[in-house]
Enquirer: 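Just passing along the structure, written as structure tokens.
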Amino acid sequence: MIRKLDSVLLAQNKFIYNYKNMRWAKGRNETYLCFVVKRRLGPDSLSFDFGHLHNRTGCHAELLFLSYLGALCPGLWGCADDRNRRLSYSVTWFCSWSPCANCATTLTRFLRQTPNLRLRIFVSRLYFCDLEGSPHVEGLRDPRRAGVQVKVMSYKDYFYCWQTFVAHRLSRFKAWEGLHTNYVLCQEN
DNA sequence: ATTTTCAAT
């Protein structure tokens, strides 16, 4: 069983504040990304690592994650086994904002060149997708065309994140008001 | 009706 120190877990209030899927998320000037890395061995996949990060100035969370990928997934590149095959990984991430157009393009290009990496994206809120003609709607469409599963987080996803990434102690995830309604609204985009 | 967003100060 994977066991990590509390310091790598998110504080409860930080999780709630950043992932709350309210329609106008005032003051959420950061983006958090919680991730699970699994190594795929034939039909089985084993949990390999997990954690979270947030953007730094000038680097969106998604691209920051990509910069850590080599360390998170040893053998993803190069030939890692005696039969000259690369190792396969699957990554699931939960992002507080959906990817912007630029990140989506970079991500899509990256994944096309890395077929041994499978990615699933869950997003809590849609980044600038309300505006008419928003280029960031591509943040949802572009990766999908490359075979990435992109979904809006629902109650069960928040629940899972709470259990997996948050220092919850013994407290159970408690849904905020409007969670489900906001989820439904987001999902329609 | 309007509010908000991977800051800028």
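Below, each value reflects all heavy atoms present in this structure, side chains not excepted, and no hydrogens, waters or symmetry copies. Bear in mind the structure is a predicted one, so any value in this text is a computation, not a measurement. Letters go in sequence order (proteins before strands), and every chain restarts at 1.
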Enquirer: In whole angstroms, how far is the C1' atom of dT3(B) from the CZ atom of Phe128(A)?
Expert: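 Rounded to the whole Å, the gap is 13 Å.
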Enquirer: Whole angstroms only, please: what is the CH2-C1' distance between Trp97(A) and dA7(B)?
Expert: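 In whole Å, dA7(B) C1' lies 13 Å from Trp97(A) CH2.
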Enquirer: Not counting sequence neighbours, which residues clear ring-ring contact (aromatic ring centres under 6.0 Å, His included) with Tyr89(A)? List them please.
Expert: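 Only Phe48(A) meet the ring-ring contact (aromatic ring centres under 6.0 Å, His included) criterion with Tyr89(A).
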Enquirer: Listed by chain and number, what are the ring-ring contact (aromatic ring centres under 6.0 Å, His included) partners of Trp176(A), not counting sequence neighbours?
Expert: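 Partners of Trp176(A) by the ring-ring contact (aromatic ring centres under 6.0 Å, His included) criterion, ordered by chain and then number, come out as Tyr158(A), Phe173(A).
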Enquirer: Roughly, in whole Å, what's the span from CG in Asn182(A) to P in dT3(B)?
Expert: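 One finds 18 Å between P of dT3(B) and CG of Asn182(A), rounded.
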Enquirer: Is any side-chain heavy atom of Lys14(A) closer than 4.5 Å to a side-chain heavy atom of Tyr32(A)?
Expert: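 Yes, close enough: below the 4.5 Å cut-off.
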Enquirer: If you define the side chain from C-beta out and look only at heavy atoms, does anything of Ile121(A) sit under 4.5 Å from Phe94(A)?
Expert: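 Side-chain contact under 4.5 Å: no.
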Enquirer: Send over the distance from Tyr32(A) OH to dT5(B) C1', rounded to a whole Å.
Expert: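 Value for this atom pair: 16 Å.
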Enquirer: Whole-Å distance between dC6(B) C1' and Glu30(A) CD?
Expert: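 Rounded to whole Å, this separation is 9 Å.
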Enquirer: Without decimals, in angstroms, what is the distance between Leu33(A) CG and dC6(B) P?
Expert: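 Rounded to the whole Å, the gap is 15 Å.
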Enquirer: May I ask you to test the Leu119(A)-Leu107(A) pair for a side-chain heavy-atom distance under 4.5 Å?
Expert: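 Heavy-atom side-chain distance check passes, below 4.5 Å.
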Enquirer: Nearest heavy atom decides the nucleotide; on that basis, is Trp24(A) or Gly58(A) closer to the 5' end of DNA chain B?
Expert: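 The residue closer to the strand's 5' end, by nearest nucleotide, is Trp24(A).
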Enquirer: Measure from NZ on Lys20(A) to P on dT4(B) and round the result to the nearest Å.
Expert: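 Roughly 17 Å, once rounded to whole Å.
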Enquirer: Under the side chain to side chain contact (heavy atoms under 4.5 Å, CB included) criterion, do Leu87(A) and Leu76(A) qualify, and how do the steps go?
Expert: CA-CA 5 Å; Leu87(A) 292 175; Leu76(A) 184 67; over 6 Å; no
Enquirer: Is it the case that the ring center of Trp93(A) lies less than 6.0 angstrom away from the ring center of Phe65(A)?
Expert: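 Yes, the ring centres sit under 6.0 Å apart.
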Enquirer: Just to be sure I understand the rule, does Ser124(A) reach a base, reach only the sugar-phosphate, or reach nothing, if contact means heavy atoms closer than 4.0 Å?
Expert: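 Here Ser124(A) touches no strand at all.
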Enquirer: Ignoring backbone atoms, establish whether Asn55(A) has a side-chain N or O less than 4.0 Å from OP1 or OP2 of dA7(B).
Expert: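 Yes.
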Enquirer: Where along residues 147-155 of chain A does a heavy atom fall under 4.0 Å from DNA chain B?
Expert: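 Result for residues 147-155 of chain A: none.
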Enquirer: In whole angstrom, give the distance that lies between atom CG of Asn29(A) and atom C1' of dC6(B).
Expert: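 One finds 9 Å between C1' of dC6(B) and CG of Asn29(A), rounded.
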Enquirer: dC6(B), OP1 or OP2 - any side-chain N/O from Tyr127(A) closer than 4.0 Å?
Expert: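 For Tyr127(A), the contact criterion (side-chain N or O under 4.0 Å from OP1 or OP2 of dC6(B)) is met.
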Enquirer: Can you tell me, in whole Å, how much space there is between the P of dT2(B) and that of dC6(B)?
Expert: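 My reading of the P atoms in dT2(B) and dC6(B) gives 22 Å.
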